[in-house]
Amino acid sequence: MNKQLNSYQIAQEQIGLAVKTLGLSSTVLDILRQPVRELTVAVPVEMDDGSVKVFTGYRVQHNYALGPLKGGIRFHPGVTLDEVRALALWMTFKCAVLGLPYGGAKGGVICNPKEMSDREIQRLSREYIRAVSPILGAEKDVPAPDVYTNAQVMAWMMDEFSKYKGHNEFGVITGKPLIVGGSAGRNEATARGCSFTVREAAKAIGLDLKDATVAVQGYGNAGSIVAELLQDLGCKIVAVVDSTGGAYSSKGLNTQKLEEYKKETGSVAHYPGSRHITNAELLTMPCDILIPAALENQITEEIAPKVKAKIIGEAANGPTTPGADRILTNKGVLVLPDILANAGGVTVSYFEWVQNNMGYYWTEEEVNGKLEAMMVRAFDEVYQMYRSRKDIDMRTAAYMVAIARVSEAMRVRGWLGEAPKVEKERKISLA
Ligand SMILES: NC(=O)C1=CN([C@@H]2O[C@H](COP(=O)(O)OP(=O)(O)OC[C@H]3O[C@@H](n4cnc5c(N)ncnc54)[C@H](O)[C@@H]3O)[C@@H](O)[C@H]2O)C=CC1
Ligand SMILES: O=C(O)CCC(=O)C(=O)O
């Protein structure tokens, strides 16, 4: 990640632009530009050699106007408080774009799970969740997986929270294994939602997905499954990279075989029959669709002029900087913003929470059908907003749809004093 770029300042810039374009009051911006609550915790963990290491963790709660707070937990050595603030802020607007009854939050722990044993990761997961538990709960704040956390980590955290409460509280965390209240389809949901938005965008600009070429940055939960789903839609996956290197083949990479290779070797680099490529090569190579699915600030002002893709589907949070956004818009690249394109994960997390609350579980077909309907509706609303004006890109359009909903909730709750209503003529659905 480019350390000169501050994701929190970027997120504030993005909402500032949308609030201004919507013509909302400065009170709305004053409230939305910062989180309502931030908790920093020092988490002592006994390591396998008997020593005790103290990890720093965060839980940031951005805005709860629309409902309980929601957002993943990241385990990564590069976590900072400002990064978690940005991720929490993006969650508020992601939930609002999809019309979910949630506000936004995010958590992070500065650690390197790649250098820790499973036992150490389990102890860290339990200690962290205990440390932030006073502000969590199925009706308060509901975490989920993010980078380098997974269903197993969610199970440990749910178990620890349940022990602390004295009863099972499955609804406190989503992204759990199926056997302890997880939802069918949650593991694939971020990628599935992203593939739906790419499909709708391709229809909108007249791009045939049959043999459309795709490059994917990041080959974890989001990236590897988007690649597989786009391959199912007829696309040719020509390039992928993960944190250790990349693979390119003009004939296309078989995603099932690539997945097996990654499981065996721990990386996609040096996949048999492929040419080795770097991250920068991947982002700028000739392709129709680019899927950033790793970390923030990857498509910068230096990279953007060289991007050849027609559609960028942001599976990652915050992969494109504001300067790069302006360059890509001028070049006519359609950027599907993170708060829309990767919202499939939190949407199925919402379904998981609903199922936990009612104690009745849906089939994978039911979940995927509901997800598709919500993603297509959200895409249409954002695309209509984008097309209704000449001066905005898809990101600002998505923020406008989202901020209209959040600010209306804040208005009716009485948080805005006498601030004016959302402009009626924009016909934003507040449902
Ligand atoms: N897991 C989820 O439900 C959701 C994830 N996201 C976002 O998707 C992105 C990826 O998350 P996951 O797939 O869940 O994480 P993951 O931990 O499953 O995978 C991350 C992938 O990124 C790669 N990576 C890390 N640093 C890299 C670098 N510098 N260059 C290239 N590749 C790099 C890793 O090797 C790994 O393949 C993140 O931005 C996350 O916030 C967004 C919505 C939901
Ligand atoms: O599933 C969730 O609740 C949130 C996932 C997440 O952290 C994200 O969308 O960035």
Side-chain angles (χ1 to χ4, degrees), residues 1-2 7 60 68-79 83-84 86-95 97-98 100 102-108 112-114 141-151 153-154 171-176 182-183 185-194 215-227 239-246 258-259 262 266-269 277-283 291-298 313-320 337-353:
M1 183 170 54
N2 186 332
S7 295
V60 173
L69 298 139
K70 189 86 189 81
I73 296 170
R74 177 174 292 195
F75 283 181
H76 193 276
V79 164
E83 181 188 53
V84 182
L87 290 162
L89 191 149
W90 287 324
M91 282 311 304
T92 297
F93 303 110
K94 188 183 303 188
C95 293
V97 170
L98 265 289
L100 306 179
Y102 285 139
K106 200 86 179 194
N112 189 350
K114 288 184 176 175
D141 181 351
V142 184
D146 192 70
V147 174
Y148 297 161
T149 56
N150 55 25
V153 170
M154 297 305 113
V172 71
I173 281 188
T174 60
K176 303 178 294 294
S183 174
R186 174 59 184 88
N187 188 49
E188 301 77 22
T190 305
R192 195 175 296 281
C194 185
V216 182
Q217 185 204 36
Y219 215 66
N221 173 272
S224 66
I225 304 175
V226 179
V240 300
V241 294
D242 62 21
S243 59
T244 52
L258 193 57
E259 186 63 31
K262 172 139 186 165
S267 164
V268 296
I277 52 162
T278 62
N279 233 323
E281 279 178 274
L282 176 127
L283 296 172
I291 306 286
L295 296 172
E296 301 90 70
N297 301 327
Q298 300 298 305
E314 292 186 340
N317 284 304
T320 311
D338 46 10
I339 61 168
L340 170 68
N342 71 31
V346 70
T347 302
V348 176
S349 275
Y350 164 57
F351 298 158
E352 181 171 330
W353 179 78

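We count ligands from 1, going down the list as the structure has it; atoms in each ligand are counted the same way. Heavy-atom basis, side chains included; hydrogens, waters and symmetry copies ignored.
- Contacts between K262 and ligand 1 below 4.0 angstrom, taking non-hydrogen atoms only, involve the side chain exclusively.
- Here the options are L98, D338, I339, the test is side-chain contact (heavy atoms from CB on, under 4.5 Å), and the partner is F93; only I339 passes.
- Among E296, K94, E83, the single residue meeting the side-chain hydrogen bond (donor to acceptor under 3.5 Å, both in side chains) criterion with N317 is K94.
- Scanning both residues, P143 and I73, for their nearest heavy atoms gives CB-CD1, 3.5 Å.
- At least one N or O atom of G72, backbone or side chain, sits closer than 3.5 Å to an N or O atom of ligand 2.
- When side chains are defined from C-beta on, P319 does not count as touching N297, because their heavy atoms never get closer than 4.5 Å.
- Judged by distance alone, the side chains of K176 and S183 never bring a donor and an acceptor atom under 3.5 Å apart.
- Remark: the E352 side chain and the S349 side chain contain no N/O donor-acceptor pair separated by less than 3.5 Å.
- Nearest protein heavy-atom contact of atom 6 (C) of ligand 2 is K106 NZ, 3.5 Å.
- Smallest separation of non-hydrogen atoms from G313 and P292: O-CD, 3.3 Å.
- Remark: side-chain polar atoms of N342 are not paired, donor with acceptor, to backbone N or O of T190 under 3.5 angstrom.
- The minimum heavy-atom distance between G218 and A294, with the atom names listed, is CA-CB, 4.0 Å.
- Side-chain atoms of R186 and T174 include no donor-acceptor pair closer than 3.5 Å.
- Residue R74 has at least one heavy-atom neighbour below 4.0 Å for each of these atoms of ligand 1: 38 (C), 39 (O), 40 (C), 41 (O).
- In terms of protein heavy-atom proximity, atom 3 (O) of ligand 2 is nearest to K70 NZ, 2.7 Å.
- Taking only non-hydrogen atoms, the option from L295, L282, N279 nearest to atom 28 (C) of ligand 1 is N279.
- Below 3.5 Å of separation, one finds no N or O of N342 facing any N or O of ligand 2.
- Ligand 2 lies out of reach of R74, whose nearest heavy atom is not under 4.0 Å from it.
- Counting all heavy atoms, side chain and backbone alike, M154 lies closest to A144 at SD-C, 3.4 Å.
- In this structure, atom 2 (C) of ligand 2 lies nearest to the protein heavy atom A144 CB, 3.2 Å.
- Using 4.0 Å as the threshold, G175 has no heavy atom nearer than that to any atom of ligand 2.
- For the atom pair CG of L100 and CH2 of W353, the computed distance is 10.0 Å after rounding to the nearest 0.5 Å.
- Side-chain atoms of T244 do not come within 3.5 Å of backbone N or O of S267 as any donor-acceptor pair.
- Those atoms of ligand 2 that come under 4.0 Å of a heavy atom in N317, given as number and element, are 10 (O).
- Every heavy atom of Q298 sits 4.0 Å or more from the atoms of ligand 1.
- Within the 4.0 Å heavy-atom criterion, neither part of E352 lies near ligand 2.
- Checking K70 against Y350 by side-chain atom types alone, no donor-acceptor pair falls below 3.5 Å.
- When each atom of ligand 2 is checked for a heavy atom of G345 under 4.0 Å away, the hits are 1 (O).
- Counting atoms of ligand 1 from 1 in the listed order, those under 4.0 Å from a heavy atom of Y148 are 17 (O), 25 (C), 34 (C), 35 (O).
- With atom 9 (C) of ligand 1 as the reference point, the heavy atom nearest to it among A222, A294, G223, G318 is part of A294.
- Between Q217 and ligand 1, not a single N/O pair is under 3.5 Å apart.
- Contact record, L69 with A105: CB-CB, 3.8 Å, taken as the closest heavy-atom pair.
- Considering both main-chain and side-chain atoms, N342 never comes within under 3.5 Å of ligand 1 through any nitrogen or oxygen pair.
- Proximity of A293 to ligand 1, defined as any heavy-atom pair under 4.0 Å, is confined to the backbone N, CA, C and O atoms.
- Here is the list of ligand 1 atoms found below 4.0 Å of a heavy atom in D242: 31 (C), 32 (N), 33 (C), 35 (O), 37 (O).
- At a heavy-atom distance under 4.0 Å, atoms from both the backbone and the side chain of N317 approach ligand 1.
- For the ligand labelled ligand 1, residue E188 lies outside the 4.0 Å heavy-atom shell.
- Nearest to atom 20 (C) of ligand 1 by heavy atom, out of A144, A315, G220, is G220.
- Residue contacts with ligand 1: E296 is excluded, as none of its non-hydrogen atoms falls under 4.0 Å.
- In plain terms, the two heavy atoms of L295 and V147 that are nearest each other are CD2-CG2, 4.1 Å.
- Among protein heavy atoms, atom 9 (O) of ligand 2 sits closest to K94 NZ, 2.7 Å.
- Residue-level proximity to ligand 1 for R186 is carried by the side chain, the only part with a heavy atom below 4.0 angstrom.
- In terms of protein heavy-atom proximity, atom 1 (O) of ligand 2 is closest to S349 OG, 2.6 Å.
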